Amino acid sequence: YSAVAATLGALFAPVPAFADPPTAPQAFSPAVPDVGSRPMALGTLTMPGQQPAAPVPTPLTGATTSPVLQKIEKGRAEIATLGDQLIKLGQDRDLARDRVTTAQQRYTEAENALREAQSAAADAAAAAMRDAAAMPPGSFGSGLSGLGDLARIQRGQDTQGAAARQIELAQVVAQLALDEQTLSAKRLQELQAQYDKLNTTIVQKQAAQQRYELANADELAAAEATQNAADSRLGAEILAGAEAGRGADQKALTAVQFALAQRGDPYVWSEEGPDQYDCSGLMFAAYRSVGFPLTRVSRDQYWQTRNKVVDRYSLLPGDLLFFSSSSSWQGIHHVAMYAGDGMMVEAPRTGLNVRLVPVRWSRLFQATRIFGSVEGVTEGPILGAPDPDSGDGGNPPVITPPGGV
């Protein structure tokens with residue numbers, strides 16, 4: 001019975017209990033002194049021979065008192081936040097699906113072990129009956145032969161008892177496996193329902209956002225033009241005062257090349273390639289391609305790399321650029337990658353494709369670096385011309401439903 005016992009022993013290893021991931025980075029980092037405070041401001045440190053930082057224009061929501069533009073910015077940020085929630089729900093759902101598969105496999109193994117134990121018990125009972133039938137009449141009389149026959153019967157009875165215990169154990173394990181399978185399936189069903197509900201909410205909000213932006217296209221286009229002009233002036237000042245003498249790590253350059261190769265791929269919520277991406281999904285895939293385990297959501301990506309904050313005058317290709325709807329890192333809703341020469345590559349939002357555009361300097365919240373810089377000047381990727389405006393301003397993009405994870 002050693003094989004049956006080994007099988008049953010393996011089945012006692014429990015399936016990991018379900019645990020919801022933390023809803024925010026600070027939930028698993030209790031050492032954060034002030035979760036709402038803004039990190040070191042960009043551009044505050046002036047190096048010898050460097051021009052002082054120019055005043056940084058505020059984001060669009062603070063640059064105007066127009067309720068229309070404020071509502072547009074607020075709507076975009078809200079949709080981005082819901083998109084992050086959708087990503088995490090998708091990850092939880094996929095994990096639950098894996099657990100269902102594991103629970104089903106364990107139940108199948110438990111059922112097989114139970115059948116083996118029942119078969120072993122039947123074989124033991126049949127053997128005991130054959131032994132009893134083979135004893136000659138009068139063998140329970142006196143003498144050593146009678147004692148030997150009795151010992152054989154007793155051994156047969158012990159064998160049957162052991163087989164019965166194996167059956168009982170196998171039944172318990174099979175029931176536990178069945179309970180785990182049931183709980184896993186229920187959890188998966190709940191997460192799928194939450195995912196579908198949030199997915200529907202996002203689609204509805206995107207459609208409403210599109211209608212509102214179309215109805216206010218002229219005002220939005222004028223604001224975007226003003227903002228772009230301010231970004232262009234600020235970018236020229238920043239690039240003129242940029243520090244020299246350090247270069248990007250080769251892995252960072254490879255990550256940039258990966259991201260640039262995705263230009264033209266559509267933006268789709270919760271996707272991370274190979275042919276469609278959301279903003280953090282593009283960063284995730286680019287750095288995973290060079291072996292760095294970047295986390296998945298923009299706020300989490302900032303939190304993971306917060307110890308390598310980069311001044312705006314020191315940006316190198318591969319640096320992550322974060323945009324927040326507030327003065328807190330908790331308001332981060334978008335991430336892009338610095339490509340060099342004042343340009344960034346990003347997966348912007350639904351309806352737009354992965355693109356190369358000028359850095360939105362006036363809205364930049366913070367920048368971080370994955371790999372350290374290297375001595376000397378390294379040659380970055382050939383960027384070419386930025387992608388043409390394909391939806392910001394006068395012609396908001398056509399809303400398409402988010403793709404499933």
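Just so it is clear, the model here is predicted, and its values are computed rather than measured.
Shown here are the salt bridge (Lys or Arg N to Asp or Glu O under 4.0 Å) partners of Asp265, two or more places apart in sequence or in another chain: there are none. With sequence neighbours excluded, the residues satisfying salt bridge (Lys or Arg N to Asp or Glu O under 4.0 Å) with Arg296 are Glu272, Asp278.
Counting only heavy atoms from C-beta outward, the side chains of Tyr267 and Tyr277 never approach each other to under 4.5 Å. With a 4.5 Å cut-off on side-chain heavy atoms, Asp319 and Thr368 do not count as touching. With contacts defined as side-chain heavy-atom distances shorter than 4.5 Å, the pair His334/Ser298 does not qualify. Contact annotation: the side chain of Phe322 never approaches that of Leu364 to less than 4.5 Å [non-hydrogen atoms, C-beta and beyond]. Within the 4.5 Å cutoff, the side chain of Arg263 has heavy atoms near those of the Leu356 side chain.
For Arg360 and Glu346, the salt-bridge test passes: some basic side-chain N is under 4.0 Å from an acidic carboxylate O. Checked for salt-bridge contact, Arg363 and Glu224 meet the test: a charged N lies under 4.0 Å from a carboxylate O. Between Glu78 and Lys205 there is a salt bridge, since at least one side-chain N of the basic residue sits less than 4.0 Å from a carboxylate O of the acidic one. With salt bridges taken as basic N to acidic carboxylate O contacts below 4.0 Å, one links Asp300 and Lys88.
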Leu86 vs Tyr195, test: side-chain contact (heavy atoms from CB on, under 4.5 Å). Steps then yes/no. CA-CA 6 Å; Leu86 186 70; Tyr195 183 92; 3.4 Å; yes

Checking Tyr107 against Gln181 for the side-chain contact (heavy atoms from CB on, under 4.5 Å) test, could you report, in this order, the C-alpha distance in whole Å, the side-chain angles of both residues, the deciding distance, and whether it holds? CA-CA 7 Å; Tyr107 178 65; Gln181 180 183 12; 3.5 Å; yes

For a side-chain contact (heavy atoms from CB on, under 4.5 Å) check, start with the C-alpha distance between Phe323 and Leu321, then their side-chain angles and the critical distance, and finish with the verdict. CA-CA 7 Å; Phe323 301 84; Leu321 307 178; 4.1 Å; yes

Could you give me the CA-CA distance, side-chain angles and deciding distance for Arg369 and Thr305, then say whether side-chain contact (heavy atoms from CB on, under 4.5 Å) is met? CA-CA 7 Å; Arg369 181 167 294 159; Thr305 60; over 6 Å; no

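The aromatic rings of Phe371 and Tyr287 sit tilted relative to each other, their planes meeting at an angle between 30° and 60°.
In summary, the side chains of Asp231 and Gln227 do not present any donor paired with an acceptor at a separation below 3.5 Å, with no hydrogens or angles considered. Side-chain atoms of Gln304 and Thr295 form a donor-acceptor pair, as typed in the model, at a separation below 3.5 Å.
Only one option out of Glu213, His333, Lys71 pairs with Arg76 in a side-chain contact (heavy atoms from CB on, under 4.5 Å); it is Glu213.
Of all heavy-atom pairs spanning Ala259 and Leu282, the tightest one is CA-CD1, 4.2 Å.
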